[in-house]
Number of protein chains: 2
Amino acid sequence: MEEYRHLNIKLTPQRIAILDYLKGNKSHPSAEDIFKAVKKEFPTMSFATVYNTLEALKNKGNVQELKIDSSKKRYDPDCSTHHHLICTKCKSIVDIFNDFKLNLSEDLTEGFDLIGNSIEFFGVCHDCK
Amino acid sequence: MEEYRHLNIKLTPQRIAILDYLKGNKSHPSAEDIFKAVKKEFPTMSFATVYNTLEALKNKGNVQELKIDSSKKRYDPDCSTHHHLICTKCKSIVDIFNDFKLNLSEDLTEGFDLIGNSIEFFGVCHDCK
DNA sequence: GTACTAGATAATAACGATTCTAAACTGATA
DNA sequence: TATCAGTTTAGAATCGTTATTATCTAGTAC
């Protein structure tokens, strides 16, 4: 597909299937979620391909790795600035697009060069209540 | 030690050593950091004891598990409300005690019951620049 | 269109953090 | 001081992720 040409990565059918799965995906899938979804179309799909592709997309700034779930990495194809609201029970994740102004005075940063921030809200989702 | 009696967990010498190591510790250690430190005093110390004790302390609300480092869990004996500033290179962590007011309007929370939030600032520390 | 090649895929092994198991041990209570 | 529920230990098992290697193929050049 031409729409992925701008990524400047070699476009294989497997990669296109992964990209299609990720496009507009708001579920913040794990590698396993991606693997299972793409395996339906490519039964020989291996985990290595999922991880390789995610690595390539991360390097191109086209996918964000989330550390929200301590048991496994999750991935977000939306690289715009936003935050997350996580259900402490089922680990479902909702995007929060508010722009919060968080100023840290120099004397608190202990000589760090600040790059950015990320806010994790937590709560219990509708289904888990 | 009497000072740990209030935890209401059985106090073994190994647990006291772990508690002593954690007391006032601002390094946000991993299980391995704790294991290595306590092993000096108790050469037969096993990882299971470290994880068991951390689990007990988590349940008592006396230790916080941090998901900041995607390759391993890190632990914070300071359970007061605070945030973290993380070096993207060496993964060192500094506490930020500012109290930020983060209001989320009802219509953004998609039916979640909000519990709290945690802010992760990231940057490059003095030593890694 | 055909050949070439750097880079991708797939199967599997390796790895590291964490959890589990089962037997021996011990702190806290009576 | 005897008891026992809970703890420690060593090691095995598990699980997510990374590495390896042989095979394959997308993209380029001819």
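Below, chains carry the letters A, B, ... as their sequence lines are ordered, and counting in each starts from 1.
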- Query: Of A/A56 and B/A31, whose closest DNA chain C nucleotide lies nearer the 5' terminus?
  - Reply: A/A56

- May I ask you to evaluate whether B/S46 reaches the phosphate of D/dT8, defined as a side-chain N or O under 4.0 Å from OP1 or OP2? no

- Ranking B/P43 and B/R15 by the position along DNA chain D of their nearest nucleotide, the one closer to 5' is B/R15

- Query: So does A/Y51 get a side-chain nitrogen or oxygen closer than 4.0 Å to the phosphate oxygens (OP1/OP2) of D/dT18?
  - Reply: no

- Message: Whether A/K10 contacts C/dT5 is assessed here as follows: a side-chain N or O lying under 4.0 Å from the phosphate OP1 or OP2. Is that the case?
- Response: no

- Looking only at side-chain N and O atoms, does B/T49 come under 4.0 Å of OP1 or OP2 in D/dT9? yes

- Task: Answer with base, sugar-phosphate or nothing: what part of the nucleic acid does B/S30 contact at a heavy-atom distance below 4.0 Å?
- Result: nothing

- Give a yes/no answer on whether the side chain of B/Q14 brings an N or O atom under 4.0 Å of OP1 or OP2 in C/dT26. no

- Message: Measuring from atom CG of B/L85 to atom CD1 of B/I119, what distance do you get when rounded to the nearest 0.5 angstrom?
- Response: 12.0 Å

- Message: What is the separation between atom CD on B/E55 and atom P on C/dA17, rounded to the nearest whole Å?
- Response: 19 Å

- Item | Value in whole Å for how far the C1' atom of C/dA8 lies from CD1 of A/I18 | 11 Å

- Round to a whole Å and report the spacing from CZ of B/F47 to C1' of D/dT14. 16 Å

- Query: For C/dT19, does OP1 or OP2 lie under 4.0 Å from any side-chain N or O of B/K73?
  - Reply: yes

- Message: For the CD atom on B/E110, are there more than 12 heavy atoms of other groups (residues, nucleotides or ligands in this structure) within a distance under 6.0 Å?
- Response: no

- Closest-nucleotide ordering on DNA chain D, the 5'-leading residue of B/F42 and A/E32: B/F42

- Item | Side chains of A/H28 and A/D69, donor plus acceptor under 3.5 Å | no

- Task: Would you mind reading off the distance between A/K72 atom NZ and C/dT18 atom P, rounded to a whole angstrom?
- Result: 16 Å

- Item | Rounded interatomic separation in angstrom, taking CG from A/L11 and P from C/dA8 | 10 Å

- Message: Does a side-chain N or O of B/T44 approach OP1 or OP2 of D/dT9 to a distance below 4.0 Å, or not?
- Response: yes

- Item | Atom of B/H83, atom of B/F100 and distance for their closest heavy-atom approach | CD2-CD1, 3.9 Å

- Message: Regarding A/K101 and A/D99, does a basic nitrogen lie under 4.0 Å from an acidic carboxylate oxygen?
- Response: yes

